[in-house]
Q: 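This is the structure I want to talk about, given as structure tokens.
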Amino acid sequence: MTRNAVYPGSFDPVTRGHEDLIHRSLRFVDKVIVAVAADSSKQALFSREERVTLLESVLEGSPGVVVRSFDGLLADFARANDASVIIRGLRAVSDFDYESQMALMNRQLFPELETVFLVPAVHLTYLSSSLVREVAGLGGDVGDLVHPVVERALAQKFSR
Ligand code: PNS
């Protein structure tokens with residue numbers, strides 16, 4: 001039986017932290033479906049199409065990884081894609097409240113779906129897409145934090 005995981009998020013933009021978790025997930029699932037959520041209330045820097053394209057470029061040549069976008073409930077997307085696992089990252093205790101609420105709500109909606117929390121490599125624990133956007137927007141170097149494709153896209157967004 002093939003074990004599919006969904007790794008959902010905003011990915012605005014994908015960081016080295018996201019990449020790290022995707023590759024860690026492939027140690028215990030056969031396929032990771034990276035699922036880009038519809039724009040929520042958040043003000044996104046990249047459109048959903050841009051975020052999907054960046055993910056596809058960054059993950060090109062990674063066997064067992066596909067990139068999709070989804071609208072509506074994550075639990076419905078997981079069911080439709082035969083996924084039994086949701087992957088979420090936990091960087092700090094402060095992430096836990098929101099993440100545990102989401103995990104329990106997703107279990108309510110789809111009891112066979114398990115949320116698995118992963119911690120990234122220690123040098124990536126401070127990393128978030130919002131900090132990457134802020135630093136890049138203020139002209140800081142994000143070369144160690146994102147794939148070169150993303151670094152170029154950020155530079156273009158902020159037209160330097
Ligand atoms: O990267 P993010 O912004 O923390 O990801 C949050 C995301 C997209 C995983 C979450 O908002 C989500 O699952 N949205 C889809 C709608 C949904 O299912 N909402 C109920 C969650 S319990």
Side-chain angles (χ1 to χ4, degrees), residues 3-26 28-29 31-59 62 64-137 142 145-147 149-151 153-154 157:
R3 189 179 290 278
N4 295 340
V6 176
Y7 179 38
S10 306
F11 304 103
D12 184 36
V14 54
T15 69
R16 290 295 194 195
H18 296 126
E19 290 177 58
D20 179 70
L21 291 197
I22 291 163
H23 291 114
R24 281 175 200 284
S25 305
L26 286 168
F28 58 90
V29 297
K31 182 170 158 190
V32 175
I33 304 161
V34 182
V36 182
D39 297 333
S40 58
S41 49
K42 289 185 192 173
Q43 269 290 56
L45 176 64
F46 291 98
S47 70
R48 184 153 56 147
E49 292 68 31
E50 289 172 324
R51 287 179 274 144
V52 167
T53 303
L54 286 175
L55 276 158
E56 284 172 345
S57 304
V58 166
L59 297 166
S62 302
V65 183
V66 295
V67 182
R68 299 278 181 269
S69 60
F70 74 104
D71 296 287
L73 287 173
L74 174 60
D76 291 342
F77 177 82
R79 197 182 272 110
N81 285 275
D82 290 324
S84 53
V85 175
I86 294 177
I87 304 292
R88 289 290 287 173
L90 272 188
R91 291 161 303 184
V93 175
S94 52
D95 287 340
F96 186 75
D97 269 357
Y98 172 61
E99 292 298 334
S100 60
Q101 282 176 27
M102 276 213 304
L104 290 169
M105 182 56 78
N106 282 320
R107 179 178 288 162
Q108 170 72 25
L109 297 167
F110 183 3
E112 292 75 30
L113 187 63
E114 289 297 341
T115 300
V116 173
F117 296 114
L118 297 181
V119 284
V122 70
H123 68 284
L124 299 171
T125 49
Y126 64 94
L127 189 50
S128 68
S129 295
S130 58
L131 275 182
V132 165
R133 291 195 302 272
E134 184 175 339
V135 171
V142 292
L145 315 180
V146 296
H147 189 283
V149 166
V150 178
E151 189 182 9
L154 283 161
K157 271 285 172 205

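Since we're looking at a predicted model, the values are computed, not measured. Positions are given from 1 along the sequence. We count ligands from 1, going down the list as the structure has it; atoms in each ligand are counted the same way.
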Q: Below 3.5 angstrom, do we get any N/O pair linking N106 and ligand 1?
A: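 No, there is no polar N/O contact under 3.5 Å.
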Q: Show the atoms of ligand 1 that are less than 4.0 angstrom away from any heavy atom in F70.
A: 15 (C)
Q: Do any side-chain atoms of residues 113-120 form donor-acceptor pairs under 3.5 angstrom with protein atoms, and if so which ones, sequence neighbours left out?
A:
residue, atom, partner, partner atom, Å
E114, OE1, R107, NH2, 3.1

Q: Answer yes or no: is there an ion pair linking E50 with K157, defined by an N-O contact shorter than 4.0 Å?
A: yes
Q: Tell me the contacting part of F11 for ligand 1: side chain, backbone, both, or neither, using a 4.0 Å heavy-atom threshold, strictly below.
A: neither
Q: By number and element, which atoms of ligand 1 are closer than 4.0 Å to a non-hydrogen atom of A37?
A: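 Ligand 1 atoms under the 4.0 Å threshold to A37: 8 (C).
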Q: Would you please name every residue forming a ring-ring contact (aromatic ring centres under 6.0 Å, His included) with F11, sequence neighbours left out?
A: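 Listed in chain order: Y7, H18.
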Q: Can you sort out which atoms of ligand 1 are near L74, meaning under 4.0 Å from one of its heavy atoms?
A: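 Going through ligand 1 atom by atom, the ones under 4.0 Å from L74 are 13 (O), 17 (C), 18 (O).
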Q: Classify the contact between R88 and ligand 1 as side chain, backbone, both or neither, using a heavy-atom distance cut-off of under 4.0 Å.
A: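 The answer is the side chain.
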Q: Out of all atoms in ligand 1, which are within 4.0 Å of some heavy atom of M105? Include the element for each.
A: 22 (S)
Q: Should R24 and D20 count as an ion pair when the cut-off is N to O under 4.0 Å?
A: yes
Q: Any idea which of S129, G89, G72, A78 brings a heavy atom closest to atom 16 (C) of ligand 1?
A: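 When every heavy atom of S129, G89, G72, A78 is considered, G72 comes closest to atom 16 (C) of ligand 1.
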Q: Any carboxylate oxygen within less than 4.0 angstrom of a Lys/Arg side-chain nitrogen, looking at D71 and R48?
A: yes
Q: For F46, is there any backbone N or O sitting under 3.5 Å from a side-chain donor or acceptor partner on R51?
A: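 It does hold such a pair.
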Q: Do you know which of L127, V14, L45 makes side-chain contact (heavy atoms from CB on, under 4.5 Å) with V132?
A: L127
Q: Test your reading of the structure: does E99 have an N or O sitting under 3.5 Å from an N or O of ligand 1?
A: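 Such a contact does not occur with ligand 1.
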Q: Using heavy atoms and a 4.0 Å limit, tell me yes or no: is Y98 in contact with ligand 1?
A: yes
